[in-house]
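Residues: numbered from 1 along the sequence shown. All heavy atoms count here, side chains included; hydrogens, waters and symmetry mates do not.
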Amino acid sequence: MNFLRSGDNAIHFRATGLGSGKPVIAFINSLGTDFRIWQPVIDALGENYAFVLHDKRGHGLSDIGATPYSIDDHVDDLIALLDHLGVKKAIIWGLSVGGLVAQGLFARRPDLAQALVLSNTAHKIGTADMWNGRIEKISADGLSSLIDPVMERWFTPAFRDPSNVIYAGARNMLARQPAEGYSGTCAAIRDADFTEATRRISVPTLCVAGDGDGSTSPELIETLASLIPGARSITIEQCGHIPCLEQPAVYAKAVSDFLNTLPEA
């Protein structure tokens, strides 16, 4: 296990392949997950990249710290991690709230981004009423009260087969995240709006949707892509909000095809 200190918080991370000269991918995971969700994609991508992963504050083995959070808090942690590891430039690949963090990182430190992969995300996700309602629900009834409705947004009906052990594991992962960290990140998403900042993204960008995503629809991802000069967009079929678990091979291939078009950093 590896940890660094970001502000007052211990952040859990893993890095592989640094110093090899390979392009670096920095993954940022979604709300209610930890960095284990990326392993199927890493396996599919093979030996072509170096990887940096971390548990967002309030998730996995990272500290919860003071809540509620802002997206800038999560950006602070990612910048601290890249600086700690001596990574000068990376492909920033963010899923859901991770995509908001990726947009926030580019707004503050564009020098760190070789390219962006904005997956199952948007320039603004949901409404204040929606996020406040979710925070209140967790406060009243606990995170376990949200597991079934969240699973319906995360995964297609076919994937939510009780015999699917990956689905069972995803449920367990959500249930075991700290409720305070989950709620704190809900507040960060509620308050984030990158509509204007996203128009200034100037690196190659791929926006990824799932055709069965119940949280960020393909139409929303198309709107995001339309804001970013030169951005590409793709939709993964038979896939919900977490393609790295539901369709990892197809997802990795689609993003790899985009990455293969990038100029050398």
Are T156 and Q238 close enough that a side-chain donor and a side-chain acceptor fall under 3.5 Å? no
No-hydrogen, no-angle side-chain donor-acceptor test under 3.5 Å, S6 and D77: yes
Scan the side chains in residues 146-154 for donor-acceptor partners under 3.5 Å anywhere in the protein, sequence neighbours excluded, and list what turns up.
from: D148; atom 1: OD1; to: R171; atom 2: NH1; distance (Å): 2.8
from: D148; atom 1: OD1; to: R171; atom 2: NH2; distance (Å): 3.2

Less than 3.5 Å apart, any donor N or O on the side chain of H241 or S96 sitting next to an acceptor on the other? yes
Once you round to the nearest 0.5 Å, how far does CD1 of I138 lie from CG of D141? 10.0 Å
Closest non-hydrogen atom pair, V41 against C244: CG2-CB, 3.5 Å
Pairs satisfying salt bridge (charged side-chain N to carboxylate O under 4.0 Å, His left out), at least one member in residues 124-134, at least two apart: none
At their closest point, which heavy atom of P229 faces which heavy atom of I201, and how far apart are they? CD-O, 3.6 Å
Just how far is it from atom CG of L78 to atom CD1 of I71, taken to the nearest 0.5 Å? 11.5 Å
Return all side-chain donor-acceptor pairs below 3.5 angstrom for residues 13-21, not counting sequence neighbours, or 'none' if the list is empty.
from: R14; atom 1: NH2; to: Q39; atom 2: OE1; distance (Å): 2.8
from: S20; atom 1: OG; to: G17; atom 2: O; distance (Å): 2.6
from: S20; atom 1: OG; to: K22; atom 2: N; distance (Å): 3.3

With distance as the sole test, does H59 use its side chain to make a donor-acceptor pair with the main-chain N or O of G32 at under 3.5 Å? yes
Nearest atoms (heavy-atom pairs only) where I64 meets G181: CG2-N, 4.3 Å
Distance, nearest 0.5 Å, that separates CG of N132 from OG1 of T127: 8.5 Å
Using distance only, find each side-chain donor-acceptor pair of residues 79-87 under 3.5 Å and give its atom names and separation, not counting sequence neighbours.
none

d(R57 CZ, T185 OG1) to nearest 0.5 Å is 9.0 Å
Should the heavy atoms of other residues, nucleotides or ligands under 6.0 Å from CG of D8 be counted, would the total exceed 12? no
Other hydrophobic cluster members with L61, side-chain heavy atoms of Ile/Leu/Val/Met/Phe/Trp/Tyr under 4.5 Å, chained? M1, F3
Could you check whether the rings of Y167 and F159 sit parallel, tilted or perpendicular, using 30° and 60° as the cut-offs? perpendicular
Checking F35 now: which residues fulfil ring pair (Phe, Tyr, Trp, His ring centres under 6.0 Å) with it, not counting sequence neighbours? H12
Could you state the interatomic distance from CG (L262) to CD1 (I91), rounded to the nearest 0.5 Å? 5.5 Å
Who are the salt bridge (Lys or Arg N to Asp or Glu O under 4.0 Å) partners of R199, not counting sequence neighbours? E196
So which heavy atom on P68 is nearest to which on A187, and how close? CB-CB, 3.6 Å
CD1/I228 to CG/L118 distance, rounded to the nearest 0.5 angstrom? 5.0 Å
Of all residues at least two apart in sequence or in a different chain, which pass the ring pair (Phe, Tyr, Trp, His ring centres under 6.0 Å) check with Y49? none
Might you point out which heavy atoms bring I42 and F27 nearest each other, and give the distance in Å? CG1-CE1, 3.8 Å
Examine distances only and state if a side-chain atom of S183 and a backbone atom of E180 form a donor-acceptor pair shorter than 3.5 Å. no
Restricting to pairs with a member in residues 204-224, which pass salt bridge (charged side-chain N to carboxylate O under 4.0 Å, His left out), not counting sequence neighbours? none
What are the two closest non-hydrogen atoms of V208 and V255, and how far apart are they? CG2-CG2, 4.4 Å
If the condition is ring pair (Phe, Tyr, Trp, His ring centres under 6.0 Å), which residues does H74 pass it with, not counting sequence neighbours? Y69
Please determine, by modelled atom types, if S30 and T33 share a side-chain donor-acceptor pair under 3.5 angstrom. yes
Crowding at CD1, I166 (>12 non-hydrogen neighbours, <6.0 Å): no
K89 side chain to D111 main-chain N or O, any donor-acceptor pair under 3.5 Å? yes
Within the distance-only criterion (no hydrogens, no angle test), does the side chain of T216 pair as donor or acceptor with the backbone N or O of N120 below 3.5 angstrom? yes
Tell me if the centroids of the rings in Y251 and W93 come within less than 6.0 Å of each other. yes
With sequence neighbours left out, which residue pairs that include part of residues 31-42 fulfil the salt bridge (charged side-chain N to carboxylate O under 4.0 Å, His left out) condition? D34-R36
Mind jotting down which residue pairs meet the salt bridge (charged side-chain N to carboxylate O under 4.0 Å, His left out) criterion with at least one end in residues 63-75? Sequence neighbours excluded, please. R5-D63, D72-R108
Check whether any side-chain heavy atom of S145 sits under 4.5 Å from a side-chain heavy atom of K137, and report yes or no. yes
